[in-house]
A.B. asks: 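Below: one structure in structure tokens.
Scope of the values below: all heavy atoms of this structure, side chains included, with no hydrogens, waters or symmetry mates.
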Amino acid sequence: MTQLPETTTCKLGLVIDLDTCVGCHACVISCKGWNTENYGAPLSDQDPYGAAPSGTFLNRVHSYEVQPETGPAQLIHFPKSCLHCEDAPCVTVCPTGASYKRTEDGIVLVNETDCIGCGLCAWACPYGARELDAAEGVMKKCTLCVDRIYNENLPEEDREPACVRTCPAGARHFGDLGDPESAVSQLVADRGGMDLMPEQGTKPVNKYLPPRPKDGWQGEVDVLAPWLAPVAEEPRGFLGWLDRTLEKL
Amino acid sequence: MHPAPSIIAFTTLSGLGLGLLFWLGVDPTPPTGWVGLAFFLIAFGLAGGGLMASTFHLGRPERALKAFTQWQSSWLSREASAAVATLAVMGLYAAGLVFFGRVWQPLGWLGAGLSLVTVYTTSMIYAQLKTVPRWHHWSTSALFLALALAGGALLSGRVTVAMVLILIAGGLQTWWWQAGDRRLRASGTTLATATGLTAGKVRAFEPPHTGPNYLTREMVFTVARKHAQKLRLVALALMMVLPLVLLIAPFHHLLALLAVLSHIAGVATARWLFFAEAEHVVGLYYGAHNP
């Protein structure tokens, strides 16, 4: 059914720390690895070893340069996957009922046996979270690893999305953003977590933690610096002779 | 947006066909017998053929029947239902005219109304998308309806009505282009709101992968601005100017046919631009559409 639930009390989602992400793409690989061999159709590649490789991914890492008014430019690595929006435009546009948002935990999923591959949900998503698989002809998207997080056959520490489990920097956090007492909600409150494209009105569940302000090289680097005599202001030795000789020419 | 030939053919042809069905439906003295058959065959060929073309871009066309189920929430589903209802009602109406020589006028009015509803639902598939600011406006629906009515009047041989409607549609198209050029900026969505990065000027430094992907192929299509301007003029000349000249000239069936073909070519060109020029906000993540 492609009508959205009024509200969901449980809002499972991710919190992504842009200050900590090092841009290693491990989450991209672990996501593809888990999701290509578990829930739903595999994530196919086209011409993977040829001249023009292309494939389906549910999570991709962009990199952006931020140039402040003063100081050096900063490089921000930016992982992006489905934000499991509360007001998910991808769900309501679906003509077949294949796209749906779960009432019990708010996860947005695609029922692949109902999907006709029209692609309209991918057009409706402002974040580029949905990709039509070229081999299967059905829409693929992040499932929040719905086949891991409730899976009692896995050890408890593995019952979280593959991207979160694998992140070596600890930049990804998983939890219930509908519960203000949860660790992820506290993190969002402490660090000023933000929505992407809030003006689109999608009310994303996933939050992004902004990069912390960077320190700079302006001002005094060391308290002892003023007391240190400068070294070698004038070139001496062979270089000094060369400098003086070349000046004369 | 990627200008897929199947969607351009679908929206252009089905719009014309539904426009023709509208005029056949409201006609107080509709054509009967063989002439009626010819008119309805053209209308059904265009409207039905366009709908068939739209299934060519589906990943799983064999499941297309499921698209009739979600009419409560989805414009695409509403369009499928409205199109089938239109063709069914107008099919009955046509059968009365062609085989029995009877004019079941209320059926014609119902079919005419449904034809316009179908064109409106088609336009709403695009106009509903907040992610494509150029489309997200009531004028997109007005444009689709004006073009369908103008093309239908032209096809049904209503010379004066067609000339007036072609002028209106051409004017609307011109304004839609001009206003559309400002809508992405007016929407307020930028790379800064997309990334939430506010500490300085944001620039896309490195894409997530070395090649194109589904998103860039489907939604980050860019067309050179100077070509777009030329194509707009070509589209206007073909859809409006040339048909008007041909209609003003003393009536001849060959000239009328040329006017119809020119109009169709013009609308198809405008429809190509409709997709090719549309900026999807996901392009911002890939460094596109930055002022």
A.B. asks: Take A:E65 and B:V202, measure what side-chain contact (heavy atoms from CB on, under 4.5 Å) needs, and give me the verdict at the end.
C.D. replies: CA-CA 6 Å; A:E65 179 198 74; B:V202 191; over 6 Å; no
A.B. asks: Side chain, backbone, both or neither: which part of A:V66 has an atom under 4.5 Å from a heavy atom of chain B?
C.D. replies: both
A.B. asks: Just so I understand: if I count every heavy-atom pair under 4.5 Å between each of B:M219, B:H57, B:E79 and chain A, which residue has the most?
C.D. replies: B:M219
A.B. asks: Are B:K201 and A:E69 close enough for a salt bridge, meaning some N to O gap below 4.0 Å?
C.D. replies: no
A.B. asks: Are B:R217 and A:S54 close enough, and set up right, to give a side-chain contact (heavy atoms from CB on, under 4.5 Å), and what steps lead you there?
C.D. replies: CA-CA 11 Å; B:R217 281 188 295 263; A:S54 176; 3.2 Å; yes
A.B. asks: At a heavy-atom separation under 4.5 Å, does A:L132 approach chain B through its side chain, its backbone, both, or neither?
C.D. replies: both
A.B. asks: Using side-chain heavy atoms (C-beta onward) and a distance below 4.5 Å, is B:S74 in contact with A:C94?
C.D. replies: no
A.B. asks: Do A:Y64 and B:E206 touch side chain to side chain, with heavy atoms closer than 4.5 Å?
C.D. replies: no
A.B. asks: Is A:Y127 in contact with chain B via its backbone, its side chain, both, or neither, using a 4.5 Å heavy-atom distance?
C.D. replies: both
A.B. asks: Any heavy-atom pair between the side chains of A:M197 and B:Y285 that's under 4.5 Å?
C.D. replies: yes
A.B. asks: Among A:P53, A:G23, A:A122, A:P198, which residue forms the greatest number of heavy-atom pairs with chain B at distances under 4.5 Å?
C.D. replies: A:A122
A.B. asks: Return yes if a side-chain donor-acceptor contact under 3.5 Å exists between A:E199 and B:T193, otherwise no.
C.D. replies: yes
A.B. asks: OH of B:Y214 to CG of A:D133: how many Å apart, nearest 0.5 Å?
C.D. replies: 11.0 Å
A.B. asks: Inspect the surroundings of CH2 in B:W272 and state if more than 12 heavy atoms from other residues, nucleotides or ligands are less than 6.0 Å away.
C.D. replies: yes
A.B. asks: CD of A:E131 to CG of B:L215: how many Å apart, nearest 0.5 Å?
C.D. replies: 4.5 Å
A.B. asks: State, without any angle test, whether B:R63 and A:T113 hold a side-chain donor-acceptor pair at a distance under 3.5 Å.
C.D. replies: no
A.B. asks: Between A:T96 and B:Q70, which heavy-atom pair has the shortest distance, and what is it?
C.D. replies: C-CG, 3.4 Å
A.B. asks: With a 4.5 angstrom heavy-atom cut-off, could you sort out which part of A:P211 is near chain B: side chain, backbone, both or neither?
C.D. replies: side chain
A.B. asks: Considering only heavy atoms, which portion of A:E136 lies under 4.5 Å from any heavy atom of chain B: side chain, backbone, both, or neither?
C.D. replies: both
A.B. asks: Below 4.5 Å, heavy-atom pairs only: which of A:L120, A:D114, A:T56, A:L18 has the largest tally toward chain B?
C.D. replies: A:D114
A.B. asks: side-chain contact (heavy atoms from CB on, under 4.5 Å) for A:Q67 and B:R203? Distances and angles first, verdict last.
C.D. replies: CA-CA 8 Å; A:Q67 177 64 63; B:R203 183 171 74 94; over 6 Å; no
A.B. asks: Is it the backbone or the side chain of A:H25 that comes under 4.5 Å from a heavy atom of chain B, or both, or neither?
C.D. replies: side chain
A.B. asks: Can you tell me which of A:C125, A:P213, A:P210, A:G55 forms the most heavy-atom pairs within a distance under 4.5 Å of chain B?
C.D. replies: A:C125
A.B. asks: Count the heavy atoms belonging to other residues, nucleotides or ligands that lie under 6.0 Å from CZ of B:F205, then report whether that count exceeds 12.
C.D. replies: no
A.B. asks: Apply side-chain contact (heavy atoms from CB on, under 4.5 Å) to residues A:C118 and B:L76 and explain how you reach the verdict.
C.D. replies: CA-CA 10 Å; A:C118 67; B:L76 182 50; 3.7 Å; yes
A.B. asks: Determine, using ring centers only, whether A:H62 and B:Y286 are less than 6.0 Å apart.
C.D. replies: yes
A.B. asks: Could you check whether any side-chain heavy atom of A:R60 comes within less than 4.5 Å of a side-chain heavy atom of B:N213, counting everything from C-beta outward?
C.D. replies: yes
A.B. asks: Select one option (side chain, backbone, both, neither) describing which atoms of A:P89 are under 4.5 Å from chain B's heavy atoms.
C.D. replies: neither
A.B. asks: Name the member of A:P79, A:C115, A:A129, A:G119 that forms the most heavy-atom pairs with chain B at distances under 4.5 Å.
C.D. replies: A:C115
A.B. asks: Anything under 30° is parallel, anything over 60° is perpendicular, the rest tilted; go ahead and classify B:W135 against A:W123.
C.D. replies: tilted
A.B. asks: Contact part of A:A52 toward chain B, heavy-atom cut-off under 4.5 Å: side chain, backbone, both or neither?
C.D. replies: neither
A.B. asks: Heavy-atom distances under 4.5 Å only: say whether B:S187 touches chain A with side chain, backbone, both or neither.
C.D. replies: backbone
A.B. asks: Is it the side chain or the backbone of B:A67 that comes within 4.5 Å of chain A heavy atoms, both, or neither?
C.D. replies: both
A.B. asks: For each of B:T55, B:T189, B:L65, B:L191, tally heavy-atom pairs with chain A at distances under 4.5 Å, and name the one with the top tally.
C.D. replies: B:T189
A.B. asks: Does some side-chain heavy atom of B:T195 sit less than 4.5 Å from a side-chain heavy atom of A:M194?
C.D. replies: no
A.B. asks: Could you grab the distance from atom CD1 of A:I116 to atom CG of B:L58, nearest 0.5 Å is fine?
C.D. replies: 4.5 Å
